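One structure is given here, and the rest of the page talks about it.
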Amino acid sequence: MQQDETISAIATPAGEGGIGIIRMSGEHAVDIADKIFRNFKGKAIRQFPPRKALYGHVINEKQVIVDEAICIVMYAPNSYTCEDVVEFQCHGGSVVMREILDLTLRLGARLAQPGEFTKRAFLNGRIDLSQAQAVMDVINAKTKASLAVAMEHLSGDFSDKIKKIRHEILSMIAHLEASIDFPEDDIEALDMDDIRERIKLISAKIKLIADSAETGIILREGLKTAIIGKPNAGKSSIMNLLLGQERAIVTDVPGTTRDSIEEYVNLGGIPLRLIDTAGIRETDDVVEKIGVEKAYLYANRAELVLAVFDTAEELTDEDNEIISLLEKCTGNIIILLNKIDLEGEFRNDIVNKFKNYQNKKIRGIISISAKNGDGKEKLVNLVSDIVYGGKISKYESNVICDARQGEILRQATALLNESLNTIEMGMSEDFIVIDLRSAWEKLGEITGETLDDGIVDQIFSNFCIGK
């Protein structure tokens with residue numbers, strides 16, 4: 001990628017809408033805009049102050065009007081990319097947006113790569129790498145909690161925490177190196193016990209942040225959740241209850257759900273990737289059999305399994321098959337005893353069976369009515385406890401939302417532990433400095449202060465074009 005090139009892209013989603021935005025950034029962005037935009041005052045764009053909305057026409061090379069539009073110019077360095085930026089706000093039809101984009105490309109701009117606008121903001125020092133990654137997290141946020149965490153990162157709060165930790169490490173490095181390089185000077189004597197305790201405190205801070213990785217990734221990507229149960233236990237009704245709408249077909253006929261249905265649901269601020277599976281039972285129906293096989297597969301891969309049992313009936317062989325399946329599940333399990341709204345004897349034998357069940361993955365047993373919503377609040381609270389573990393606030397800026405960041409923190413902790421081992425072995429300050437500097441450099445990969453170009457390219461390749 002050459003930063004001296006002017007880039008252009010459609011910045012709004014594909015499809016039709018009231019407004020579409022074409023964005024340019026680079027040295028020639030204003031010159032290109034001047035060639036294709038005619039404001040109604042007949043002046044050149046540079047004659048107007050920055051950030052002024054100019055109303056006029058976009059015209060092609062033959063002076064034919066392409067569309068009415070608003071043109072906004074932001075001059076370097078006071079723009080998103082710290083370069084000259086021009087935005088055309090036109091009608092949101094796919095044809096007209098493509099025509100304006102093609103005009104900019106014919107006049108010297110090139111099509112922006114995925115995430116290139118944000119990448120330029122990072123390379124030009126406007127934001128660090130953690131903030132850049134948070135841009136996509138804000139765009140893709142599925143709940144208020146995930147949005148709040150993403151905004152904390154975008155505002156720089158998370159970066160500030162990492163920078164403070166790096167500064168603490170660097171101050172130790174500076175003190176150690178000064179004592180090594182200038183032994184004749186009157187430098188305060190080093191207390192290795194003090195250095196050891198400072199390293200332990202820093203490690204504890206990093207561990208606290210690293211422990212939030214699992215929660216952060218769930219908030220970012222959603223908790224993979226499978227609903228399993230025998231036919232007609234109420235799986236689809238549970239899904240509809242959580243979604244708040246009639247998404248899955250519900251009938252009294254067993255085997256209605258023959259394939260898996262996947263939806264995102266916001267459960268108390270936690271995004272669930274909810275999968276309603278086919279009822280688990282023996283069947284000769286070829287299509288339903290495939291659905292049952294998928295149910296087994298999803299249950300084994302899910303991070304959370306909602307196992308639904310019908311409290312109005314005795315346990316059947318199909319129920320016992322599901323109980324056997326739960327033994328093989330790797331994720332957390334919540335038992336949902338459904339249909340408590342029905343009149344008749346409540347099946348306490350089902351409750352007792354699970355109370356005495358020695359499966360450590362079962363996090364709770366909830367009596368619920370998919371019909372009237374009784375028990376839903378208990379389910380929301382239990383899922384929240386599973387995700388947050390009672391340790392992390394969902395609005396805390398310590399939460400990290402990226403596996404790469406989590407791995408960096410774990411590696412940095414390991415390097416700090418190496419420095420403690422070096423101290424315990426009585427080795428010289430030079431070796432302690434090597435370990436501390438490695439940890440300091442590793443943490444710099446989060447903000448992008450110490451990172452190779454290949455990793456940067458890989459990170460921004462996951463962005464959408466136009467951002």
Side-chain angles (χ1 to χ4, degrees), residues 122-134 152-213 216 396-459:
F122 162 65
L123 294 174
N124 290 327
R126 183 182 176 275
I127 55 176
D128 64 34
L129 192 60
S130 173
Q131 291 173 292
Q133 288 184 265
E152 288 284 352
H153 282 238
L154 185 58
S155 68
D157 283 3
F158 177 70
S159 299
D160 288 343
K161 284 182 170 62
I162 298 301
K163 289 173 182 176
K164 286 178 182 177
I165 292 173
R166 293 188 80 220
H167 180 73
E168 291 177 45
I169 296 173
L170 191 60
S171 67
M172 285 192 292
I173 293 172
H175 200 154
L176 287 165
E177 287 186 335
S179 68
I180 295 168
D181 296 338
F182 308 103
E184 70 282 359
D185 292 348
D186 186 20
I187 297 174
E188 184 182 350
L190 285 171
D191 183 346
M192 280 302 161
D193 288 336
D194 180 57
I195 293 289
R196 185 188 294 109
E197 289 306 310
R198 288 170 68 181
I199 293 173
K200 287 180 179 179
L201 285 173
I202 292 170
S203 293
K205 290 179 183 178
I206 295 175
K207 186 178 184 302
L208 180 64
I209 301 173
D211 287 345
S212 74
E396 194 171 328
S397 59
N398 273 352
V399 176
I400 58 176
C401 306
D402 180 72
R404 185 190 72 89
Q405 293 174 344
E407 181 58 27
I408 289 171
L409 292 171
R410 283 186 284 273
Q411 291 178 22
T413 302
L415 290 166
L416 289 174
N417 289 335
E418 284 296 318
S419 69
L420 291 174
N421 292 334
T422 301
I423 293 172
E424 293 300 324
M425 293 168 64
M427 300 178 72
S428 70
E429 288 91 339
D430 298 88
F431 295 100
I432 302 172
V433 166
I434 290 172
D435 293 331
L436 290 176
R437 187 169 292 279
S438 296
W440 177 80
E441 290 176 349
K442 179 57 66 175
L443 289 172
E445 294 181 13
I446 291 179
T447 56
E449 293 168 90
T450 55
L451 197 65
D452 64 67
D453 292 341
I455 298 297
V456 172
D457 292 340
Q458 182 182 351
I459 290 170

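Values reported hereafter were calculated over all heavy atoms of this structure, with side chains retained and with hydrogens, waters and symmetry mates removed. Please read all numbers here as calculations on a predicted model, not as lab measurements.
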Check [Y] with [X], please: is the shortest side-chain N to carboxylate O separation under 4.0 Å?
{"X": "E168", "Y": "K205", "answer": "yes"}
{"X": "R404", "Y": "E407", "answer": "no"}
{"X": "D160", "Y": "K164", "answer": "no"}

Next on the checklist: Donor-acceptor pair, distance only, cut-off 3.5 Å: does the side chain of Q133 make one with the backbone of S130?
Outcome noted: no

Pairwise distance [atom1]([X]) to [atom2]([Y]) - rounded to 0.5 angstrom:
{"X": "M425", "Y": "I432", "atom1": "CE", "atom2": "CD1", "answer": "11.0 Å"}
{"X": "R166", "Y": "T450", "atom1": "CZ", "atom2": "OG1", "answer": "5.0 Å"}
{"X": "Q131", "Y": "H153", "atom1": "CD", "atom2": "NE2", "answer": "10.5 Å"}
{"X": "I206", "Y": "I169", "atom1": "CD1", "atom2": "CD1", "answer": "5.0 Å"}
{"X": "Q411", "Y": "L443", "atom1": "CD", "atom2": "CG", "answer": "10.5 Å"}
{"X": "I199", "Y": "L420", "atom1": "CD1", "atom2": "CG", "answer": "5.0 Å"}

Next on the checklist: Show, in sequence, the C-alpha distance, side-chain angles and deciding distance for E177 and R437, and conclude whether the salt bridge (Lys or Arg N to Asp or Glu O under 4.0 Å) test is met.
Outcome noted: CA-CA 11 Å; E177 287 186 335; R437 187 169 292 279; 3.1 Å; yes

Shortest non-hydrogen separation from [X] to [Y] and the atoms involved:
{"X": "D128", "Y": "K163", "value": "OD2-NZ, 3.7 Å"}
{"X": "T447", "Y": "F122", "value": "O-CE1, 3.9 Å"}
{"X": "I446", "Y": "L129", "value": "O-CB, 3.6 Å"}

Next on the checklist: For a 4.5 angstrom cut-off between non-hydrogen side-chain atoms, does D435 reach N421?
Outcome noted: no

